[in-house]
S.K.: 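I am attaching a structure below and will ask some questions about it afterwards.
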Amino acid sequence: MSKTKVLNLKDKISGNEADLSLSNLSEVPVRELALFPKATVVDLSCNNIISLPPEFCSLTHLVKLDLSKNQLTCLPDDLGNLVNLQHLDLYNNKLTILPVSFSQLRGLKWLDLKDNPLEPSLAKAAGDCLDERQCKQCASKVLQHMRAIQEESDRAREKRLLKEKELERKKEAKQKEREAREREARKREKAEEKERRRKEYNAQMAALAVQEQHKKKSEEKKKKNGQAADKKVDVKAAPKPRRSLIGLILKLLLLLTVGLAGVAAACQLTDLQKEDFCTPINAAVDDCLSWAKVQEGVVRQLVHNLSSAAKDLLESTQTSKN
């Protein structure tokens, strides 16, 4: 408002009352009313006010308020801030509901809601306001009704908050479960990777052990073969002197035998048999020949006996078979 209007508003204030009725107002001069905190009684009836601004709820000094015969379709949500309000006239407006905060007007003792298109439950609570007693009852019953709505609203809000908390808790639980699964999966992958590396390491160690064992066996085999070869060399090398000696002796005996045979033949077949040194030789040769003839007879008799024994054995075997 301009300064002129402020002065006019000052002119409309008398004591603790501010009479703004029949002023053709479409808006409430909240800022100007706030300048006069002593004006606890405000009459805004018979104007064209459609709504009250949120700032109106800051006029906490108001005790009596007349808003009858306006075009109000709703009241501000924070109307309950007018904690000192005791008398409220809302006659002949277009209200259907009241804000939930209306239940906070604990000092309200008088209320008129006639000629408003109230919703059925609120209209039933308000009843008629044809005299002082009914208007006081209207204030009391509407406050009870609004307190019930407030409690229901609180329960609904609490239920909604609990539901939101439960959803949040479930969401957090799912998140924790998902994180736990991911941690478990990472842990399992690490364990599998560790087990795979361990198996690879064990396989490498086993392969090295097998190679080492094969190498050791090969070395032992080579060592044994080398020792056996050394032994064979030793064994074969040792008899060489003996074999050479035996050969020499055999050769000497052969030469001696050939020599003796030559001497015996010379003494038997040449003119040397008349010599004295041939006499014993010829006698020895004759004795050998006689001994050989005797041995020839013995051998023949032995052969004859063996042949007879074999024949008898054969006949005996055939007889037993038959």
Side-chain angles (χ1 to χ4, degrees), residues 1 5-6 8-23 25-47 49-116 118 122 125-129 131-151 153-154:
M1 281 187 175
K5 289 187 177 182
V6 170
N8 291 337
L9 178 60
K10 186 176 181 180
D11 294 338
K12 293 180 179 294
I13 294 177
S14 175
N16 66 338
E17 296 182 7
D19 187 2
L20 298 175
S21 63
L22 299 170
S23 299
L25 297 174
S26 59
E27 296 181 358
V28 178
V30 177
R31 187 176 300 176
E32 286 73 13
L33 287 173
L35 297 175
F36 301 96
K38 292 183 179 181
T40 59
V41 177
V42 177
D43 186 357
L44 291 166
S45 63
C46 301
N47 283 293
I49 301 172
I50 298 174
S51 63
L52 299 178
E55 295 80 7
F56 185 83
C57 300
S58 64
L59 303 176
T60 57
H61 61 278
L62 296 179
V63 175
K64 183 177 180 179
L65 177 62
D66 190 350
L67 288 167
S68 63
K69 297 181 181 181
N70 277 283
Q71 303 297 319
L72 291 171
T73 57
C74 64
L75 297 175
D77 291 337
D78 294 331
L79 188 68
N81 291 343
L82 303 179
V83 293
N84 293 312
L85 194 61
Q86 299 179 10
H87 185 111
L88 178 59
D89 193 346
L90 294 170
Y91 166 72
N92 194 11
N93 277 278
K94 296 181 179 180
L95 298 171
T96 56
I97 59 173
L98 297 176
V100 177
S101 65
F102 196 93
S103 63
Q104 299 174 13
L105 300 176
R106 301 182 183 280
L108 190 64
K109 298 177 180 178
W110 194 97
L111 176 63
D112 189 356
L113 286 171
K114 290 192 309 296
D115 292 342
N116 280 282
L118 301 174
L122 180 58
D128 294 326
C129 184
D131 54 32
E132 188 75 11
R133 183 180 63 82
Q134 288 182 349
C135 292
K136 288 182 177 180
Q137 288 181 351
C138 176
S140 177
K141 290 182 178 181
V142 168
L143 283 176
Q144 290 179 2
H145 176 73
M146 295 310 298
R147 288 186 188 119
I149 293 177
Q150 178 70 55
E151 291 175 357
S153 176
D154 292 342

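Model, not experiment: these values are computed from the prediction.
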S.K.: Quick one: are Leu33 and Leu20 in side-chain contact, heavy atoms under 4.5 Å?
M.R.: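 They are in side-chain contact.
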S.K.: What is the minimum heavy-atom distance between Pro37 and Ala34, and which atoms define it?
M.R.: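 Closest heavy-atom pair between Pro37 and Ala34: CD-O, 3.8 Å.
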S.K.: So which heavy atom on Pro99 is nearest to which on Pro76, and how close?
M.R.: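 Shortest heavy-atom separation between Pro99 and Pro76 comes out as CG-O, 3.4 Å.
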S.K.: What's the spacing between Arg106 CZ and Arg147 CZ if we round to 0.5 Å?
M.R.: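 Here the rounded value is 5.5 Å.
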S.K.: Do Asn116 side-chain atoms and Leu95 backbone N/O form a donor-acceptor pair below 3.5 Å?
M.R.: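 Here the side-chain-to-backbone pair exists.
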S.K.: Measure from the side-chain N and O atoms of Lys114 to the backbone N and O of Cys129, and report whether any donor-acceptor pair falls under 3.5 Å.
M.R.: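 A pair under 3.5 Å: yes.
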S.K.: Does either side chain, that of Lys64 or that of Gln86, offer a donor lying less than 3.5 Å from an acceptor on the other one?
M.R.: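 Gln86 and Lys64 do not have a side-chain donor-acceptor pair below 3.5 Å.
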S.K.: Starting at CG of Asp78, measure out to CG of Leu52 and round the result to the nearest 0.5 Å.
M.R.: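 Reported value, rounded in 0.5 Å steps: 12.0 Å.
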S.K.: Look only at the side chain of Asn70 and the backbone of Ile49, and say whether a donor-acceptor pair between them is shorter than 3.5 Å.
M.R.: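 Yes, because the side chain of Asn70 sits within donor-acceptor range (under 3.5 Å) of the backbone of Ile49.
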S.K.: Quickly, which of Asn93, Asp128, Leu118 forms a side-chain contact (heavy atoms from CB on, under 4.5 Å) with Leu113? Name it, please.
M.R.: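 With Leu113 as partner, side-chain contact (heavy atoms from CB on, under 4.5 Å) holds for just one option, Leu118.
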S.K.: State the CG-CG distance between Leu72 and Leu67, to the nearest 0.5 angstrom.
M.R.: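 Spacing of CG (Leu72) from CG (Leu67) equals 5.5 Å.
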S.K.: Looking at Asp77, I want to see if its CG is surrounded by more than 12 non-hydrogen atoms of other residues, nucleotides or ligands under 6.0 Å.
M.R.: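 At most 12 heavy atoms, drawn from other residues, nucleotides or ligands, come within 6.0 Å of this atom.
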S.K.: Check step by step if side-chain contact (heavy atoms from CB on, under 4.5 Å) holds for Gln71 and Ile50.
M.R.: CA-CA 5 Å; Gln71 303 297 319; Ile50 298 174; 4.2 Å; yes
S.K.: When rounded to the nearest 0.5 angstrom, what is the spacing between CD1 in Ile149 and CD1 in Ile97?
M.R.: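 These two atoms lie 8.5 Å from each other.
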S.K.: Do you know which two heavy atoms are closest between Val100 and Gln150, and how far apart they sit?
M.R.: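 For Val100 and Gln150, the tightest heavy-atom pair comes out as CG1-OE1, 2.7 Å.
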S.K.: Do you know which two heavy atoms are closest between Leu44 and Leu65, and how far apart they sit?
M.R.: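 Between these two residues, the closest heavy atoms are CD1-CD1, 4.3 Å.
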S.K.: Listing request: all ring-ring contact (aromatic ring centres under 6.0 Å, His included) pairs with a residue in residues 69-116, at least two apart in sequence or in separate chains.
M.R.: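 ring-ring contact (aromatic ring centres under 6.0 Å, His included) check on residues 69-116 returns His87-Trp110.
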S.K.: Do you know the tightest heavy-atom contact between Asn81 and Thr60?
M.R.: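 Reported closest heavy-atom pair: O-CG2, 3.5 Å.
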S.K.: Decide yes or no on side-chain contact (heavy atoms from CB on, under 4.5 Å) for Glu17 and Asp43, but give the supporting numbers first.
M.R.: CA-CA 8 Å; Glu17 296 182 7; Asp43 186 357; over 6 Å; no
S.K.: Report the distance from atom CG of Leu79 to atom OG of Ser101, rounding to the nearest 0.5 Å.
M.R.: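 Taking CG in Leu79 and OG in Ser101, the distance rounds to 5.5 Å.
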S.K.: Calculate, to the nearest 0.5 Å, the distance between atoms OG and NE2 belonging to Ser103 and His145 respectively.
M.R.: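 Spacing of OG (Ser103) from NE2 (His145) equals 11.0 Å.
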S.K.: Do Ser23 side-chain atoms and Ser21 backbone N/O form a donor-acceptor pair below 3.5 Å?
M.R.: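 A pair under 3.5 Å: yes.
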S.K.: May I have the step-by-step check of side-chain contact (heavy atoms from CB on, under 4.5 Å) for Leu62 and Asn84, ending in yes or no?
M.R.: CA-CA 6 Å; Leu62 296 179; Asn84 293 312; over 6 Å; no
S.K.: Between Cys46 and Leu22, does the side-chain contact (heavy atoms from CB on, under 4.5 Å) criterion hold? Intermediate values first, please.
M.R.: CA-CA 5 Å; Cys46 301; Leu22 299 170; 3.3 Å; yes
